[in-house]
Q: 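Here it is: the structure, laid out below.
Keep in mind that what you see is a predicted model, and the values were worked out from it rather than measured. All ligand and atom numbering here is 1-based and tracks the order in the structure. Along the sequence shown, residues are numbered consecutively beginning with 1.
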Amino acid sequence: SSESVQYHGLLLPPVAHTLESLEYAQHFSVEDTDVFGVTYPKSGTVWMQEILPLVLNGGDLTPIQTIPNWDRVPWLEETRLAKVVDRLKSPRALVSHFPYYLMPQSLHTSKAKVIYIMRNPKDVMVSSYYFHRMAGFLEDPGTFDEFMEKFLEGKVLFGKWTDHVKGWRLAKLGDRILYITYEEMVKDLPEALRHISDFLGRNLSEETIQKIAEHCSFKSMKANQMSNFSLVPKKYMDSEKSNFFRKGVVGDWKNHFNTEQLARFTSVIRKELEGESFSLPWSLD
Ligand code: A3P
């Protein structure tokens, strides 16, 4: 069915998410060496699924060439995790779109690390709009205007962007969380990889950093069958309607928002983040 799943007030995708998988995720037993790549959807999740194993294993390409991304670095909240968990080798890498409050209890008592990637919400929305067009299991997004209203109201998968960001920016994980932006990764991937590998306590040579950057480029990932979703049946993801690896750029919102939409979007997001103790890394207008 294409009915979204509701969980603790949150809308979740109608495939690969069940009450069972969500409960399983909340009670997941986190290991000290686990690493979570966390995102609001369309902020660079699949990119992290490529990066994390390579940083953790010192640049060995085997996993990204032989294991599909959803089994290589499974989503915490999806049904697949329970099926592959025994095959994951420590240090394990996972991704998640969960808001902070839904993370497993054992995360808080463990030494596991989290990398939270944020992307300019205007580009997130554009990316999500095209994803809704190509993903057969998601509702048609309607017009850009209609989709924008849904996005701002949080009537989209995983809820409001501002709630997600607030929850994670205020997370009490001390030095176990690294905040990074999609924009930094696009601007200078080797530099972002140095931050990630330092954070994960890996001392990678410059040669290894360059090698990983090459294999995690938009072009290489788009060509990697184990990452580009070409193994997914067309009824779920139709690359003729829009490719999952669509553009991979910063600022595509400029080709989509008119002046009025921009003003409304900016004022809603600003208002919702007013008075917060953190600021956004990009200008919204
Ligand atoms: P666009 O639709 O703007 O192209 P997620 O994995 O969270 O669903 O995010 C998908 C977005 O990340 C898409 O954005 C996709 O193109 C982009 N992306 C994935 N891998 C990338 C890479 N290696 N470099 C740049 N962008 C990448």
Q: Quick check: closest heavy atoms across M118 and V165, and the distance to 0.1 Å?
A: SD-CG1, 3.8 Å

Q: Please say which of Y116, F151, F158 ends up in a ring-ring contact (aromatic ring centres under 6.0 Å, His included) with H164.
A: Y116

Q: V186 and V249: side-chain contact (heavy atoms from CB on, under 4.5 Å), yes or no, with the steps?
A: CA-CA 7 Å; V186 168; V249 299; 6.0 Å; no

Q: Only counting residues at least two apart or in another chain, list the ones meeting side-chain contact (heavy atoms from CB on, under 4.5 Å) with A112.
A: V30, D34, F36, L107, S110, R176

Q: Using a cut-off of under 3.5 Å, which N/O atoms of ligand 1 pair up with protein N/O atoms, and what distance separates each pair?
A:
unit_1: ligand 1; atom_1: 2 (O); unit_2: S127; atom_2: OG; d: 2.7
unit_1: ligand 1; atom_1: 2 (O); unit_2: R246; atom_2: NE; d: 2.8
unit_1: ligand 1; atom_1: 3 (O); unit_2: R119; atom_2: NH1; d: 3.4
unit_1: ligand 1; atom_1: 3 (O); unit_2: R119; atom_2: NH2; d: 2.9
unit_1: ligand 1; atom_1: 3 (O); unit_2: R246; atom_2: NH2; d: 3.1
unit_1: ligand 1; atom_1: 4 (O); unit_2: K247; atom_2: N; d: 2.8
unit_1: ligand 1; atom_1: 4 (O); unit_2: G248; atom_2: N; d: 2.8
unit_1: ligand 1; atom_1: 6 (O); unit_2: T45; atom_2: N; d: 3.2
unit_1: ligand 1; atom_1: 6 (O); unit_2: V46; atom_2: N; d: 2.9
unit_1: ligand 1; atom_1: 7 (O); unit_2: K42; atom_2: N; d: 3.1
unit_1: ligand 1; atom_1: 7 (O); unit_2: S43; atom_2: N; d: 3.1
unit_1: ligand 1; atom_1: 7 (O); unit_2: G44; atom_2: N; d: 3.0
unit_1: ligand 1; atom_1: 7 (O); unit_2: T45; atom_2: N; d: 2.9
unit_1: ligand 1; atom_1: 7 (O); unit_2: T45; atom_2: OG1; d: 2.4
unit_1: ligand 1; atom_1: 8 (O); unit_2: K42; atom_2: NZ; d: 3.1
unit_1: ligand 1; atom_1: 9 (O); unit_2: G44; atom_2: N; d: 3.4
unit_1: ligand 1; atom_1: 14 (O); unit_2: R119; atom_2: NH1; d: 3.2
unit_1: ligand 1; atom_1: 14 (O); unit_2: S127; atom_2: OG; d: 3.4
unit_1: ligand 1; atom_1: 23 (N); unit_2: W47; atom_2: NE1; d: 3.1
unit_1: ligand 1; atom_1: 23 (N); unit_2: C216; atom_2: O; d: 3.0
unit_1: ligand 1; atom_1: 23 (N); unit_2: F218; atom_2: N; d: 3.4
unit_1: ligand 1; atom_1: 26 (N); unit_2: Y182; atom_2: OH; d: 2.8

Q: Give the minimum heavy-atom separation between Y101 and H8, together with the two atoms involved.
A: OH-O, 3.5 Å

Q: Testing the basics here: between F137 and P13, what is the closest heavy-atom pair and its distance to 0.1 Å?
A: CE1-CB, 4.4 Å

